Amino acid sequence: MSEATPILEARSLVKILGGNRVLENVSLDIGRGRVKVLIGPSGAGKSTLLQCLNFLIPPDSGHILLEGREVEKTSKRELCAFRQQVGMIFQDFNLFDHLSALENVRVALMKVKGMSKLEATERAVAELKRVGLADKATLYPANLSGGQKQRVAIARALAMDPKVMLLDEPTSALDPELIGEVLTVIRDLAQAGMTMILATHQISFSASLADEFIFMERGRIVEQGSPADLLARGAQSRTQAFCSKISELTGESGQSGQSGESGQSGESGQSGESGKAGAERRL
Amino acid sequence: MDFSVAFNAARESLPYMLGGVGWTAGLIIGAMLLGLTLGVPLAVTQVYGPRPLRRMVAVYVWLFRGIPILVQLYIFYFGLLAWLSSLPGLTGIGLDSPFTAAVASLGLTSSAYQSQIFRGAIQSLPAGQLKAARALGMTDAQAIRSIILPQALRLAIPAWSNEYSILLKDSALAFTIGVVEIMARMRSIASTTHEPVSMSFVAGIIFFALTWIGVKGLTLLENKVRIAGYTRQGAV
């Protein structure tokens, strides 16, 4: 595999649900260590696209390639092997309710990767520590806050050593004061070089991380480009119009990225890279 | 009516009647376990299986829900099992005993009902649970075994204890093909002592006690395996 081969590539994905073309010939690819952000109004197909990328929703046509190799979706074995390498974070966490935080992270390590209980436990503890939840390992999902649940979900995905992470509006179901702790974990991941495709409405936060914004509407990719270009004053882009509208609605201004920082628990804070302030000023 | 005579007759009949408890318990345990072993895969098939298999499960469920247990007892005892045990290799292993026929018909009927209990429980789980398991690379079989069923079976306990109490009383029908369980003993002792009313009372009390013990035990189990955060009033 050459340096230039994308980690994950989707070619001409089409998905029709109930007669609606939810995805209309969508293609995208992502290189190692890159962060791409999907934005757009609800119903645009962002969530469907992400779930098509790991076949949770099987696309009606199109191809998916992992490191240049097409995924043979009819082979269940290959599908499972592929999904192990693609981490997925859901809007509503989807933690396994009958398992503690530790067991949530551990279960797939044992069942899918075939690790011993001891090995899997060690790894799970390490991943929980990474998201700042080492002390919550024995708690069950019902006893965790939304932010903590999403961090456990991230730890659970990371434990599988994914090559790419798909994040489907990871903070949309959270109370405002809990968003920050999750964004901090995502920022740390990006800085650690994790390849990510992220659907979000956290425009200023994602502008500071993203190599590329992908604006979707009615099942198509309408615009794509660097956040700086798309959000530049006077860019006249569809993205800019959309983003300024949701910024108005949520009262999100230049400071919103920082509010994330202040909400965190303190494990993994010192991010503050320089690109962020610049991107936010452009909003 | 002389109550002391009735009371004495009841007291004297008690050891004989209690001798039927073993048979009744055997019927219940056998039928519940048969129903569970078949009911879970039937439910899983009905929820996750391919369409032709789902159809077959639906037909199976209709069949066993639609035919009275009494009719099935006769079909199994005088027909199916009598025929099976006449086949070479299947003779002399008790296939034609009344007990086997009773466990088969009670258990198969119960599997139809139990499959619907488990199907409801599986379908009450959020779809995201299976999605998350698949996203981690689990096969559907792994996801069902380690994620779906542990939750669904917990949710099924209240309905399952209901099934236990229904099955317990259905098991009394086994007397018709000659299983010497509580009901059969009640009838025989009532005809020799001419005390049908007091004997019915004794049988009723024994059935009630068995129901109480089983349901109580399942309630204890339900509390013991309750998932953190799921209170008696539902999920928090």
Side-chain angles (χ1 to χ4, degrees), chain A residues 47 50-51 53-58 75-101 103-114 138-144 149 152-153 156-162 165-168 173, chain B residues 40 43-45 47-51 53 117-118 120-160 218 221-236:
Chain A
S47 186
L50 285 176
Q51 296 191 57
L53 287 177
N54 68 351
F55 296 99
L56 283 184
I57 299 176
S75 154
K76 288 200 169 154
R77 188 189 210 143
E78 192 170 326
L79 205 54
C80 289
F82 166 70
R83 284 178 180 148
Q84 275 183 60
Q85 303 175 68
V86 180
M88 179 106 196
I89 300 301
F90 300 90
Q91 183 175 339
D92 39 11
F93 330 124
N94 290 340
L95 288 188
F96 306 132
D97 286 330
H98 64 305
L99 300 177
S100 68
E103 289 163 338
N104 260 280
V105 182
R106 194 173 63 184
V107 63
L109 293 176
M110 290 165 64
K111 303 286 171 191
V112 177
K113 292 214 156 183
T138 57
L139 294 187
Y140 282 81
N143 299 324
L144 295 169
K149 280 188 219 180
V152 173
R156 181 173 71 176
L158 288 175
M160 301 301 285
D161 291 319
M165 293 268 277
L166 310 174
L167 299 96
D168 187 5
Chain B
V40 171
V44 168
T45 308
V47 178
Y48 301 110
R51 191 184 294 262
L53 281 182
I117 292 174
F118 299 132
I122 290 170
Q123 287 174 336
S124 74
L125 297 175
Q129 297 283 308
L130 184 65
K131 269 192 183 178
R134 282 176 172 163
L136 288 165
M138 287 192 194
T139 62
D140 280 13
Q142 286 170 332
I144 289 164
R145 207 166 37 228
S146 9
I147 306 302
I148 302 298
L149 287 181
Q151 297 183 60
L153 292 181
R154 282 175 165 97
L155 293 175
I157 295 174
W160 205 70
L218 286 169
L221 177 71
E222 185 188 337
N223 289 328
K224 193 168 172 349
V225 301
R226 174 170 289 142
I227 297 167
Y230 283 72
T231 66
R232 293 171 65 88
Q233 283 83 29
V236 287

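A note on names: the letters A, B, ... follow the listed sequences, proteins ahead of strands, and every chain is numbered from 1. Because the structure is predicted, anything quoted here is derived from the model rather than measured.
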Turns out that what part of B:A143 lies under 4.5 Å from chain A's heavy atoms comes down to neither
From the list A:K76, A:M88, A:R83, A:R77, the residue making the most non-hydrogen contacts under 4.5 Å with chain B is A:R83
Between B:A228 and A:N143 the two heavy atoms that sit nearest each other are CB-ND2, 4.0 Å
If one checks every heavy atom of B:R154 against chain A at 4.5 Å, the contacting part turns out to be side chain
Nearest heavy-atom approach of A:N94 to B:A132 is O-CB, 3.5 Å
To the nearest 0.5 Å, atom OG of A:S100 lies from atom CD1 of B:I227 at 12.0 Å
Bottom line for A:Q85: the part with an atom under 4.5 Å from chain B's heavy atoms is neither
Correct closest heavy-atom pair for B:Q129 and A:D97 would be OE1-N, 3.8 Å
Interface check, chain B: of A:L56, A:L139, A:L79, A:V107, most non-hydrogen pairs under 4.5 Å belong to A:L56
So CD1 of B:I147 and NE2 of A:H98: to nearest 0.5 Å the spacing works out to 4.5 Å
Value for NZ (B:K131) from CG (A:N54), rounded to nearest 0.5 Å, stands at 9.5 Å
Residue from B:Q142, B:R145, B:R134 scoring the most non-hydrogen pairs under 4.5 Å with chain A is B:R134
dist A:F96:CZ -> B:Q151:CD (nearest 0.5 Å) comes out at 8.5 Å
When the 4.5 angstrom heavy-atom criterion is applied to A:L95 and chain B, the contacting part is backbone
So, the part of A:F90 with a heavy atom under 4.5 Å from chain B: the answer is side chain
